[in-house]
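Everything on this sheet refers to the single structure shown next.
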Amino acid sequence: QVQLVESGGGLVQAGDSLRLSCTASERTTTGYAMGWFRQAPGKEREFVAVISGLGGRGNCANSVKGRFTISRDNAQNTLYLQMNSLTPEDTAVYYCAARRSSIVRTTPGDYDYWGQGTQVTVSS
């Protein structure tokens, strides 16, 4: 059972940056694809960014492309999400997720393990 713990959320102003981190309880090597999802009040959980077990550039949702960057450090069992030029529309609880496959998917139901989430609030 992989446990995921997110950190780095907070309250910021529009245009600011935040870096989210997700630490896994055990070694998340090339066998696990990982991703970030978010859920705003009254909305469904949505894909933000995913990255394969091998790393690389990852894949970001159109709504955050060019502003957010996903990366991972398998040696440190840590996943990151660098968020720049934040807007109030980015306000949500952000969740880290992992799946028992190195192949990425953008559907939340395809992920096997989830963190508790970290709140990101962007004021205008």
Side-chain angles (χ1 to χ4, degrees):
Q1 181 81 7
V2 176
Q3 294 182 326
L4 304 172
V5 178
E6 303 96 336
S7 61
L11 171 62
V12 297
Q13 293 186 332
D16 286 350
S17 298
L18 277 177
R19 188 193 197 200
L20 304 184
S21 299
C22 170
T23 301
S25 60
E26 62 183 66
R27 195 175 179 201
T28 51
T29 61
T30 56
Y32 287 84
M34 299 187 74
W36 290 97
F37 296 79
R38 68 186 182 186
Q39 189 165 16
K43 295 187 176 181
E44 293 187 351
R45 193 167 298 188
E46 65 175 4
F47 149 68
V48 175
V50 292
I51 189 167
S52 78
L54 297 176
R57 285 191 171 184
N59 180 22
C60 291
N62 288 335
S63 59
V64 305
K65 198 166 291 184
R67 300 187 297 121
F68 290 12
T69 303
I70 187 171
S71 61
R72 65 189 293 167
D73 183 343
N74 286 344
Q76 299 295 324
N77 301 332
T78 303
L79 178 73
Y80 301 100
L81 184 69
Q82 178 66 43
M83 306 186 295
N84 299 328
S85 302
L86 286 161
T87 73
E89 289 68 36
D90 296 316
T91 295
V93 177
Y94 283 70
Y95 296 91
C96 170
R99 66 187 304 261
R100 292 187 299 264
S101 168
S102 62
I103 300 172
V104 296
R105 291 287 186 269
T106 60
T107 303
D110 288 327
Y111 285 75
D112 303 296
Y113 306 106
W114 290 87
Q116 293 299 307
T118 185
Q119 176 71 47
V120 173
T121 303
V122 185
S123 63
S124 57

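Source: prediction; values computed, not measured.
- Taking every heavy atom of both residues into account, Ala40 and Ala92 meet most closely at N-CB, 3.9 Å.
- For the atom pair Gln39 CD and Gln119 CD, the distance stands at 11.0 Å (nearest 0.5 Å).
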Audit row: Met83, Val48, side chain to side chain contact (heavy atoms under 4.5 Å, CB included) steps and yes/no: CA-CA 11 Å; Met83 306 186 295; Val48 175; over 6 Å; no
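- Here the side chain of Glu6 pairs a donor or acceptor atom with the backbone of Cys96 at under 3.5 angstrom.
- Asn77 contributes atom CG, which lies 9.5 Å from atom CZ of Arg72 (distance to the nearest 0.5 angstrom).
- The backbone N or O of Gly109 lies less than 3.5 Å from no partner atom in the side chain of Arg45, so there is not a single donor-acceptor pair.
- Note that the CG atom of Asp90 and the OG1 atom of Thr121 stand 11.0 Å from one another [nearest 0.5 Å].
- The line from CG of Leu79 to OG of Ser71 is 7.0 Å long, rounded to the nearest 0.5 Å.
- Other members of the cluster containing Trp114 are Phe37, Phe47, Val50, Val93, Tyr95, Val104, Tyr111, with ILVMFWY side chains joined at under 4.5 Å, either directly or via other members.
- Side chain of Ser25 to backbone of Gln3: a donor-acceptor contact under 3.5 angstrom is found.
- Asp112 contributes a side-chain N or O that, together with a main-chain N or O of Arg100, makes up a donor-acceptor pair within less than 3.5 Å.
- No continuous path of ILVMFWY side-chain contacts below 4.5 Å connects Tyr113 to Tyr80, so the two sit in separate hydrophobic clusters.
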Which atom pairs, one a donor and one an acceptor, fall under 3.5 Å between side chains of residues 13-24 and the rest of the protein, sequence neighbours left out?
unit_1 : atom_1 : unit_2 : atom_2 : d
Asp16  : OD2    : Gln13  : N      : 3.1
Ser17  : OG     : Asn84  : OD1    : 3.0

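- When atom types are taken as modelled, the side chain of Gln116 and the backbone of Val5 share no donor-acceptor pair closer than 3.5 angstrom.
- Between Thr78 and Gln76, the shortest heavy-atom distance links the atoms OG1-O, 2.8 Å.
- The distance from the CE atom of Met34 to the CD1 atom of Ile70 is 8.0 Å, given to the nearest 0.5 Å.
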